Amino acid sequence: MKSSLVWFRHDLRLDDNPALLAAIERGESMVPVFVWSPEEEGKWPPGSASRWWLHHSLTSLRQQLRSLGSDLVIRRGNTLAELQRLGEECRADAVFWNRRYEPAIVERDTALKSALRQRGWTVQSFNGQLLFEPTQLQTRGGQPFQVFTPFWKACLAHSEPNEPEPAPDRLPAPKTWPQSEQLEALRLLPKIDWASGMRAAWQPGSEGAVQRLQSFLEAGLETYPTDRDRPDRVGVSSISPHLHFGEIGPRRVWHEVKRLAVREKRATLDRAAESYLRELGWREFGHHLLYHFPRTTDAPLRAEFAAFPWYDRPNEVTAWQRGQTGYPLVDAGMRQLWTTGWMHNRVRMVVASFLVKDLLVPWQTGARWFWDTLVDADLANNTLGWQWSAGCGADSAPFFRIFNPVMQGERFDPLGEYVRRWVPELSQLVVPWLHRPWTASPAMLAEAGVELGKTYPFPLVDHAEARHRALTAFEGLKRT
DNA sequence: TGTTTTTTACT
DNA sequence: GTAAAAAAC
């Protein structure tokens with residue numbers, strides 16, 4: 001009896017999984033496999049936080065497969081070689097997978113597909129990660145969209161993505177299982193245990209994903225349009241890492257949100273659903289852009305920015321990474337990132353603006369740090385976000401749009417609860433001085449136990465001066 | 001999903 | 001003199 005392989009990648013779930021269903025429908029035994037091959041991911045192999053997540057997500061997937069009478073075979077090394085070897089070992093001549101859209105992965109998968117087909121394999125890939133394929137949507141001129149609003153209108157005008165298929169209730173296992181690596185042998189977990197904050201914050205795996213979405217739909221969706229900007233509240237769904245690893249698919253999110261809105265028939269909920277799905281649209285936009293403009297992971301989409309006078313400022317970058325810039329909201333965000341592997345999106349925009357515009361550090365430096373530290377590090381979203389912040393990407397914030405970290409703190413963390421949580425050395429200060437401690441009187445600082453330059457740094461730069469410096473640099477770019 | 005400065009409207 | 005709106009960056 002011939003067997004089929006299901007090659008799991010960024011689709012670590014059993015529901016809404018077209019590759020898995022295709023393998024089952026082939027009517028023969030099926031072998032689920034995961035291949036650890038970071039060297040095939042070009043300049044962007046998974047970072048430290050992603051590896052931590054992946055370890056636990058694979059544990060969860062393996063457990064779910066076992067509960068349905070199957071298992072997960074883990075291999076490492078060259079993917080083509082491993083799949084072929086596995087094919088010989090379990091007499092498989094077919095492999096199914098769900099597509100990824102990162103440049104190095106597309107290139108690898110394309111080569112792999114033709115190599116296996118040449119050897120007589122049945123090879124088929126599916127869309128499990130997006131609402132629409134990047135080739136499905138284009139402007140009237142036949143070009144990829146580069147502006148979000150018309151892109152999203154085109155998505156909404158398109159026929160809806162299919163309802164997701166439920167997970168199968170049993171999986172046809174092979175008579176004998178091929179050899180598998182121990183998950184521990186992949187060494188995805190950190191050598192020194194820095195992950196306690198992550199364990200406390202997350203439950204990797206599709207069960208955690210579904211729980212997060214359910215509790216958001218029950219308790220958070222209605223207030224999403226305003227609370228999504230409040231890092232001091234639980235105003236967002238926090239499903240980004242689950243979406244990245246495909247523990248839940250965007251089609252399921254889309255349909256569950258719509259179903260709830262239709263069932264409840266309330267205008268506020270309709271608006272909230274629209275607002276939330278729009279963010280799913282940004283994720284979609286990022287993936288489509290990366291597919292069409294693969295070099296943007298490292299180079300600005302707008303070519304004139306190649307001449308921008310960035311500076312590498314190692315000491316200032318280190319201060320930024322450690323949450324020691326002297327701007328409380330920036331530092332709170334960077335410490336939340338370091339501790340939990342995640343940062344609220346409003347704060348991501350603020351810290352990115354600070355690095356790129358106040359410090360004039362190249363956006364790629366920030367993108368690298370996020371790549372290593374975020375549990376939701378996603379090449380498409382990370383690239384879009386950093387190019388947006390730097391003003392050099394598609395539909396970007398204009399370069400002169402510079403966030404004022406104090407004002408952002410006062411507006412979006414009005415009571416200072418977010419800053420107090422992540423920058424405890426300032427916790428005795430009251431707003432508005434909490435957001436700008438250098439303007440507090442010596443008596444007030446002493447009262448709060450704050451000694452600037454000792455217990456908390458002076459501002460790394462003066463924001464007003466830094467803003468002018470950035471605008472001047474941008475003027476120079478416009479003239480050339 | 002920006003901030004700052006200038007202009008305008010109104011008291 | 002103040003605040004809202006508009007313009008500029």
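Nothing here was measured: the structure is a model prediction, and the numbers come from that model. In the text below, chain A, chain B and the rest are named by the order of the sequence lines, each starting its count at 1. Values below: all heavy atoms of this structure, side chains included; hydrogens, waters and symmetry mates excluded.
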Leu471(A) CG - dT5(B) P separation (whole Å): 11 Å

Gln408(A) vs dT3(B): side-chain N/O to OP1/OP2 distance below 4.0 Å: yes

Between dT1(B) (P) and Arg228(A) (CZ): distance, integer Å: 9 Å

Interatomic distance where CZ belongs to Arg467(A) and P belongs to dC9(C) [whole Å]: 11 Å

Minimum heavy-atom distance between His435(A) and Val419(A), given as atom pair plus value: CE1-CG2, 3.7 Å

Glu274(A) bridged to Arg278(A) by N-O distance under 4.0 Å: no

Short N-O contact, Asp376(A) and Arg348(A), less than 4.0 angstrom: yes

Length of the NE2-C1' vector between His468(A) and dT5(B), whole Å: 10 Å

Sugar-phosphate, base or nothing in reach of Arg411(A), heavy atoms under 4.0 Å: sugar-phosphate

OP1 or OP2 of dT4(B) under 4.0 Å from side-chain N/O of Arg401(A): no

Short side-chain N/O contact from Asn404(A) to OP1 or OP2 of dT4(B), under 4.0 Å: yes

Main-chain N/O of Phe400(A) paired to Lys357(A) side chain as donor or acceptor, under 3.5 Å: no

